[in-house]
Amino acid sequence: MPGRLQDKTVLISGSTGIAAATGRLAAAEGAAVFHIGLERGECQDVFLGDLTLAATAQDGVRECLRRHGRIDCLFNVAGISGRSLGDGPLDRCSEEAWDRLMEVNVKSMFLLTREALRAMLDRPAPENGVRGVILNMASILAVCPEPHHFATHAYAAGKGAVLALTKAMAAYYAPHRIRVNAIAPGLVRTPM
């Protein structure tokens, strides 16, 4: 019996942790899976590059399209924690942590999503159905802060930006038959 993602192409940012697990699940459901990340991680098909650079997003999407013909789903999951850079309560948060978290957790999502949207919009709109799906990784910390163990304000602000951008994109692209959602998990056991 074919899986729910049979003959779909899923583009995933990242190649470890949640990104790798999602890739395995999507492949088991019949999808062609293409990762873009800094390292091979746990994945076979990875386009290596830094997603904070526009050229990586452009070249990665171009390669995904060359190999698979289209992008049915983009999962923006690549991200970092900034504790080692000095993220914490705002009065103690380092500028380095703030800038790096916004670059990796927000800018990279913007760059990759922009390229994937362009590819999705180039596809003919189906009579009934969607041109594409975008799923963004947020965090419960964006809406339910935890002041004692997770007082990482730059991280929470970045994930709040992910939620705001997701809502804006969902409203704008719905008439174009592109569905945009976010998930906001709590603590997940990954190498990070």
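Computation of the quantities below employed the complete heavy-atom set of this structure, encompassing side-chain atoms and omitting hydrogens, waters and symmetry-equivalent molecules. Here the structure is a predicted model, which is why all the values come from computation and not from measurement.
Two different hydrophobic clusters hold Val10 and Ile36 under the rule that ILVMFWY side chains link at heavy-atom gaps under 4.5 Å. Hydrophobic clustering of Ile, Leu, Val, Met, Phe, Trp and Tyr side chains at less than 4.5 Å, counting indirect connections, unites Met109 with Leu11. Hydrophobic clustering (ILVMFWY, side-chain heavy atoms < 4.5 Å, transitive): Leu165 and Phe75 are in distinct clusters. Leu112 and Ile134 fall within the same hydrophobic cluster, where Ile, Leu, Val, Met, Phe, Trp and Tyr residues are linked whenever their side-chain heavy atoms come under 4.5 Å apart, directly or through other members. Both Met169 and Leu51 belong to a common hydrophobic cluster when Ile, Leu, Val, Met, Phe, Trp and Tyr are linked at side-chain heavy-atom distances under 4.5 angstrom.
A donor-acceptor pair shorter than 3.5 Å can be found between the side chains of Thr166 and Asn136. In this model, no donor atom of one side chain and acceptor atom of the other lie less than 3.5 Å apart for Ser94 and Asp87.
Asp72 places no side-chain N or O within 3.5 Å of a backbone atom of Gly132 that could act as its donor or acceptor partner. Put simply, the side chain of His153 gets close to the backbone of Leu90: a donor and an acceptor are under 3.5 Å apart. In terms of modelled atom types and a separation under 3.5 Å, the side chain of Ser139 and the main chain of Ala184 share no donor-acceptor contact. Judged by distance alone, the side chain of Glu42 and the main-chain N or O of Gly17 form a donor-acceptor pair under 3.5 Å.
Contact of the Ile80 side chain with the Leu101 side chain is registered, since non-hydrogen atoms from C-beta on lie closer than 4.5 Å. Considering only heavy atoms from C-beta on, Arg70 comes within 4.5 Å of Arg123 through its side chain. Contact check for Leu74 versus Leu135: no side-chain heavy atoms found under the 4.5 Å cut-off. Side-chain atoms of Ser81 and Thr152, non-hydrogen and from C-beta on, never get closer than 4.5 Å to each other. Between Glu39 and Thr16 there is a side-chain heavy-atom pair separated by less than 4.5 Å. Contact check for Tyr173 versus Val130: no side-chain heavy atoms found under the 4.5 Å cut-off. Inter-residue side-chain proximity for Arg179 and Arg131 is flagged as unmet; no heavy-atom pair is nearer than 4.5 Å. For the pair Arg40/Ser15, no side-chain contact is recorded, criterion being any heavy-atom separation below 4.5 Å from C-beta on.
Between Leu65 and Ala119, the closest heavy-atom pair is CD1-CB, 3.8 Å. Heavy atoms only, all atoms of each residue included: Asn105 and Ala78 are closest at OD1-O, 4.5 Å. Taking every heavy atom of both residues into account, Ala157 and Met102 meet most closely at CB-CE, 3.7 Å. Counting all heavy atoms, side chain and backbone alike, Gly79 lies closest to Val104 at CA-CG1, 4.0 Å. The two residues Met120 and Ile71 make their nearest non-hydrogen contact at CG-O, 3.8 Å. Residues Ala154 and Cys93 approach most closely at CB-SG, 3.9 Å, considering heavy atoms.
Between Glu29 and Lys8 there is no salt bridge, since no side-chain nitrogen of the basic residue lies less than 4.0 Å from a carboxylate oxygen of the acidic one. Salt-bridge formation is detected for the pair Glu63/Arg67: a Lys NZ or Arg NE/NH1/NH2 atom is positioned less than 4.0 Å from an Asp or Glu carboxylate oxygen.
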### Task
Check the pair Ile178, Val133 against side chain to side chain contact (heavy atoms under 4.5 Å, CB included), reporting the backbone distance first and the verdict last.
CA-CA 6 Å; Ile178 297 173; Val133 174; over 6 Å; no
### Message
Could you go through Arg66 and Asp59, starting from their C-alpha distance and side-chain angles, then the distance that decides it, and tell me whether this counts as salt bridge (charged side-chain N to carboxylate O under 4.0 Å, His left out)?
### Response
CA-CA 10 Å; Arg66 186 189 71 75; Asp59 294 345; over 6 Å; no
### Task
Before giving the answer on side chain to side chain contact (heavy atoms under 4.5 Å, CB included), spell out for Arg100 and Thr52 the whole-Å C-alpha distance, their side-chain angles and the decisive distance to 0.1 Å.
CA-CA 10 Å; Arg100 188 67 181 146; Thr52 66; 4.2 Å; yes
### Query
Do Phe34 and Ile12 pass the side chain to side chain contact (heavy atoms under 4.5 Å, CB included) test, and can you show the C-alpha distance, the side-chain angles, and the key distance before you say yes or no?
CA-CA 6 Å; Phe34 188 84; Ile12 301 172; over 6 Å; no
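Atom CD of residue Glu103 and atom CH2 of residue Trp98 lie 14.5 Å apart, to the nearest 0.5 angstrom. The distance from atom CG of Asp122 to atom CZ of Arg118, rounded to the nearest 0.5 Å, is 10.0 Å. With rounding to the nearest 0.5 Å, the separation of CG in Asn76 from OG in Ser108 is 7.0 Å. Interatomic distance, Lys167 NZ to Asn181 CG, rounded to the nearest 0.5 Å: 12.0 Å.
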